[in-house]
**Student:** 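Quick one: the structure is below, and I'll ask about it shortly.
Heavy atoms only: backbone and side chains are in, while hydrogens, waters and symmetry mates are out.
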Amino acid sequence: MTGVPALRALRAAFPDERLVLAAPAALAPLAALTGAVDAVVDTAPLRPLGPGLHGADLAVNLHGRGPESHRILLASRPRRLLAFEHPDVRESRGLPAWRAEEHEVERWCRLLRETGIPADPDDLALAPPAVRVPPDAAGATIVHPGAASPARRWPPERFAAVARAERARGRRVLVTGGNDEVAPARRVAGLAGLSEEAVLAGRTSPLELAALVAAAGRVVCGDTGVAHLATALATPSVILFGPTSPALWGPPPGRSRHRALWAGRTGDPHASAPDAGLLAIEVADVLRALAELDRERVAA
């Protein structure tokens, strides 16, 4: 999702070329929503590219600063590499410099701009997927307790308290998550007194999840992929940040539909326990942010 503006910029710069995204196949339906990608070739992170991707006119590294990702692309023998400079990769010398403290959306757009390709970091919006969702999803509150690492997972008990408060306001609450997040989603639902039908974790594809987010009235989640979907689909959201600043991964500035909560501390985003800064965010903080979103919508 943070690479969408860069992909669209590449599409505009090379309108007659075939633009292929090397990424996990599960992302193909979301990539299609960008209108920028001709195909997705199933590729695991930091794994060699298949023969069908060898010999490209241009290889663009939207993965990181290298050197591993640079070398994987270079092994496919592209005619030209577009990436950030890395001292251990001779072929990257003279390319744009990596900046550690840079918003992820701006990072990839700057990579293109500094190599002569115009890119607009505000070009993030996605159209809602043409996928049917349950009727009661319209206007519902989505609670998404999962995240890739324990450091970014707010306690289930607190998510459940938010869910109970939303129910008390007369709102339908749905709990989402990936296939490996069914257990925490059920725990949240159980603590909140939600029915089994309210637990959609493990029951949606990425495209179906995007459709649910598009239909929802608001999203409450941690610093994870669903937060980026809420931004792209303009669904109001409250996002809980812990070890990483929202200035790097949060909704871009000026988007009033979204509230990024952060205690101002940084830590290890891959740690095996919830970050202390994340735990400093209380249930009351989230409920206050949700109330602010409601007041703003009424005022609009």
Side-chain angles (χ1 to χ4, degrees), residues 1 133-206 208-242 246 249-251 257-262 274-275 278-294 297:
M1 290 294 97
V133 297
D136 55 5
T141 297
I142 286 181
V143 171
H144 189 94
S149 67
R152 293 186 278 124
R153 296 176 196 156
W154 206 46
E157 296 79 7
R158 300 191 193 184
F159 275 113
V162 171
R164 286 195 301 271
E166 287 292 278
R167 284 191 69 202
R169 293 176 66 89
R171 292 171 175 153
R172 167 77 167 163
V173 177
L174 303 174
V175 187
T176 57
N179 292 332
D180 57 347
E181 296 169 339
V182 174
R186 285 178 173 166
R187 176 165 172 73
V188 169
L191 291 171
L194 302 176
S195 67
E196 182 66 27
E197 289 72 26
V199 180
L200 300 181
R203 296 164 53 189
T204 59
S205 68
E208 290 168 336
L209 179 59
L212 282 169
V213 170
R218 60 210 58 78
V219 173
V220 180
C221 64
D223 172 18
T224 189
V226 167
H228 298 298
L229 283 175
T231 299
L233 295 163
T235 299
S237 64
V238 176
I239 309 164
L240 288 68
F241 285 82
W249 284 94
R257 290 174 178 261
H258 312 286
R259 294 290 187 277
L261 305 184
W262 185 50
D275 181 77
L278 180 64
L279 294 178
I281 300 172
E282 301 288 349
V283 171
D285 299 321
V286 176
L287 298 182
R288 195 159 38 244
L290 285 167
E292 289 175 3
L293 290 176
D294 288 341
R297 187 170 63 251

**Student:** Looking at Gly217, is its backbone amide N or carbonyl O close enough to the side chain of Arg171 to form a donor-acceptor pair, meaning the two atoms are under 3.5 Å apart?
**Tutor:**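 Looks like no, no N/O pair under 3.5 Å.
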
**Student:** Where do Val213 and Thr235 come nearest, in terms of heavy atoms and distance?
**Tutor:**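 Distance-wise, the nearest heavy atoms are O-OG1, 2.7 Å.
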
**Student:** Can you tell me how far apart OG1 (Thr204) and CG (Asn179) are? Round to the nearest 0.5 Å.
**Tutor:**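 Here the rounded value is 8.0 Å.
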
**Student:** Could you give the distance from CD (Glu208) to OG1 (Thr176), rounded to the nearest 0.5 Å?
**Tutor:**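 Answer for the CD-OG1 pair, Glu208 versus Thr176, is 12.5 Å.
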
**Student:** Under the 3.5 angstrom rule, does the side chain of Trp154 hit a backbone N or O of Leu279 as a donor-acceptor pair?
**Tutor:**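 Judged by distance alone, no pair lies under 3.5 Å.
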
**Student:** How long is the gap from CG on Leu191 to CZ on Arg158, to the nearest 0.5 Å?
**Tutor:**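 So the gap between those two atoms works out to 13.5 Å.
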
**Student:** With sequence neighbours left out, what residues match Pro184 under side-chain contact (heavy atoms from CB on, under 4.5 Å)?
**Tutor:**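 Glu181.
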
**Student:** Is it the case that the side chain of Ser237 and the backbone of Ala227 share a donor-acceptor pair, with hydrogens and angles ignored and the cut-off at 3.5 Å?
**Tutor:**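 No, because the side chain of Ser237 does not come within donor-acceptor range (under 3.5 Å) of the backbone of Ala227.
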
**Student:** Going by side-chain contact (heavy atoms from CB on, under 4.5 Å), name the residues that satisfy it together with Arg153, two or more places apart in sequence or in a different chain.
**Tutor:**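 With neighbours one apart ignored, the set is Ala147, Pro150.
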
**Student:** So if I apply the salt bridge (Lys or Arg N to Asp or Glu O under 4.0 Å) rule between Glu292 and each of Arg218, Arg259, Arg257, which one comes out positive?
**Tutor:**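 Answer after filtering Arg218, Arg259, Arg257: Arg259.
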
**Student:** Measure the CG-CZ distance between Leu240 and Arg152 for me, rounded to the nearest 0.5 Å.
**Tutor:**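 Result: 12.5 Å between the selected atoms.
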
**Student:** Please round to the nearest 0.5 Å and tell me the distance separating atom CG of Leu261 and atom CG of Asp223.
**Tutor:**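 One gets 12.0 Å once the value is rounded to the nearest 0.5 Å.
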
